[in-house]
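Below is one structure, written out as C-alpha cells; the observations come after it.
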Number of protein chains: 2
Amino acid sequence: MMRKKESTDYANEQSLFQLCERNSAISMISGRWKGQIVYYISQGYDRFHLLQQKLPNISETVLARQLKELESHAILIKREIPNTVPTGIKYILTNKGIDLVPILDSLCNWGKMYADGKKITLAADQQF
Amino acid sequence: MMRKKESTDYANEQSLFQLCERNSAISMISGRWKGQIVYYISQGYDRFHLLQQKLPNISETVLARQLKELESHAILIKREIPNTVPTGIKYILTNKGIDLVPILDSLCNWGKMYADGKKITLAADQQF
DNA sequence: TTTTCTACTAACAATTTTGTCAGGTATTGT
DNA sequence: ACAATACCTGACAAAATTGTTAGTAGAAAA
C-alpha cells in the first residue's frame, strides 16, 4: 500500500479517476430508479407505459421526472413514433447510455457477490 | 432490439442484473463523498486526518458518518494502529471495497468520456 | 359528448441526506 | 493545569430527493 507520490505511483495519481469529478458520474445514476430505467430501456422496454409496467412502484410523475433527468444527462433521448394511435414516444439510449449498461451490470454483480452473510474478508496482506 | 423473452434472450434475462437489487449496490456508493473516500483509502490515505486533508470541504462529523456507513456496508473496516501517539485508527478496505475501486474507476472514465460538449451520439441502428 | 389512452407538468408534502454546532474521550507535550 | 492531536457522537437545521395530488393535450372510440 503506497503513500503520497512516488514515481511508480505517477500513472495512478494521474488517472482519470484522480482528475475527473468522481461524483458527477455517480450522481447521474444515483436516483432511486435510474439504474433500473436504463436497464429496462436497454432490454427493449422503451415506452412510458412499458416502463410503468416493469416498475410498478413508481408513479407516472416520478417516472417522467427521472426520464427527464436521464435525458438532461444525455443518457437517453425521446423520439416520436410515427403513425401511432395517440402519438407514441419511445426512449432510446444514446451511446453514452449504452456504455453505462455494462458498468451498472458490474456494479450489480459486485453487490450480489458480497450480498450473502456480510462476511468480511480481507486481502492477504491486511490479514492481521 | 429485443422484447420480452426469446430463447436467445435467456442469458440476458437471467443475468445477475435482472435478479439482484440494482439499487442496493448503487445506494451503497451514492453518497456525496463515498466514491472519493473509497478511492483515497485505496491510495493509502487511510487515516481520518489524511482523508480530511484530501477532502477539505467535508466536515469532521460528515466524514465520520460516511465512514461509518461504508463500514456498515462492509466496504471498509477500522483498525487500531498499535503504539501510536494519540491512539491512531486506520481504515482498510475489505475485499468488497477493493473490488469496488475498478468499478468506480470505470464509472468515472465513462463520465469523462462523455463530458465534453454534451454531443449526443446514437448507435448506427438508431440513427434515424 | 364523454371516456380512454399516452405522455406529460406544476405545486406542494413527506422523506432522506447533508451540514452545522457543540460537545466528549484519551493521550502526550509544555 | 492547560493546550493540542486524533477520532468521534448526538441533536438539530438546511437542502435535496422522492412521492402525491390534480391537472394538461390531442386523438380515437363508445
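Sequence lines set the chain letters: A, B, ... in the order given, protein chains first and strands last, and positions in each chain run from 1.
Whole-Å rounding puts the N23(B) CG to dT17(C) P distance at 13 Å. For E80(A) and dA27(D), the CD to P distance is 11 Å, given to the nearest whole Å. Between L55(A) atom CG and dT18(D) atom C1' the separation is 15 Å, expressed in whole Å. Atom-to-atom, CG of L63(B) to P of dA6(D) comes out at 14 Å; the value is rounded to the nearest Å. Atom CG in L70(A) sits roughly 14 Å away from atom P in dT17(D) (whole-Å rounding). Computed from coordinates, the E60(A) CD to dT24(D) P distance equals 15 Å when rounded to whole Å. Per the geometry, CZ belonging to R65(B) stands 6 Å off C1' belonging to dT18(C), to the nearest Å. Summarising the geometry, the separation between CD on Q53(B) and P on dC7(D) is reported as 11 Å, rounded to the nearest angstrom.
Contact of T61(B) with dC21(C) (side chain to base): a donor-acceptor pair of N or O atoms is detected under 3.5 Å.
Under the 3.5 Å distance criterion, the side-chain polar atoms of N23(A) are matched with a main-chain donor or acceptor of R32(B). Using a distance-only test at 3.5 Å, with no hydrogens or angles considered, a donor-acceptor pair links the side chain of K96(A) to the main chain of H73(A).
Comparing E69(A) and F48(B) along DNA chain D, the residue whose closest nucleotide (by nearest heavy atom) sits nearer the 5' end is F48(B). Each of K78(A) and R32(B) was matched to the nucleotide of DNA chain C holding its nearest heavy atom; the match closer to the 5' end belongs to K78(A).
Using a 4.5 Å cut-off between side-chain heavy atoms of Ile, Leu, Val, Met, Phe, Trp and Tyr, with links allowed through other members, M113(A) and L104(B) fall into the same hydrophobic cluster.
Phosphate contact (OP1/OP2 of dC5(C), side-chain N/O of H49(A), threshold under 4.0 Å): absent. Put simply, K68(A) has a side-chain N or O that comes within less than 4.0 Å of OP1 or OP2 on dT9(C). Phosphate proximity of dA6(D) to K90(B): absent, as no side-chain N or O sits under 4.0 Å from OP1 or OP2.
Taking CD from E71(B) and OG1 from T94(B), the interatomic distance works out to 10.5 Å, rounded to the nearest 0.5 Å.
Using a 4.0 Å heavy-atom distance criterion, K34(A) is classed as making no nucleic acid contact. Looking at heavy-atom distances under 4.0 Å, Q52(B) makes no contact with the nucleic acid at all.
Here dC8(D) is the nucleotide among dG19(D), dA7(C), dC8(D) with the atom lying nearest to any side-chain atom of I89(B). Among the nucleotides dC8(D), dC8(C), dT18(C), the one closest to the side chain of Y91(B) is dC8(D). Which of dG19(D), dG19(C), dT6(C) sits closest to the side chain of R47(A) comes down to dT6(C). Among the nucleotides dC7(D), dG19(C), dT9(D), the one closest to any side-chain atom of A64(B) is dT9(D).
Between Y45(A) and Y40(A), the angle of the ring planes goes over 60°, which puts this pair in the perpendicular group of the 30/60° scheme.
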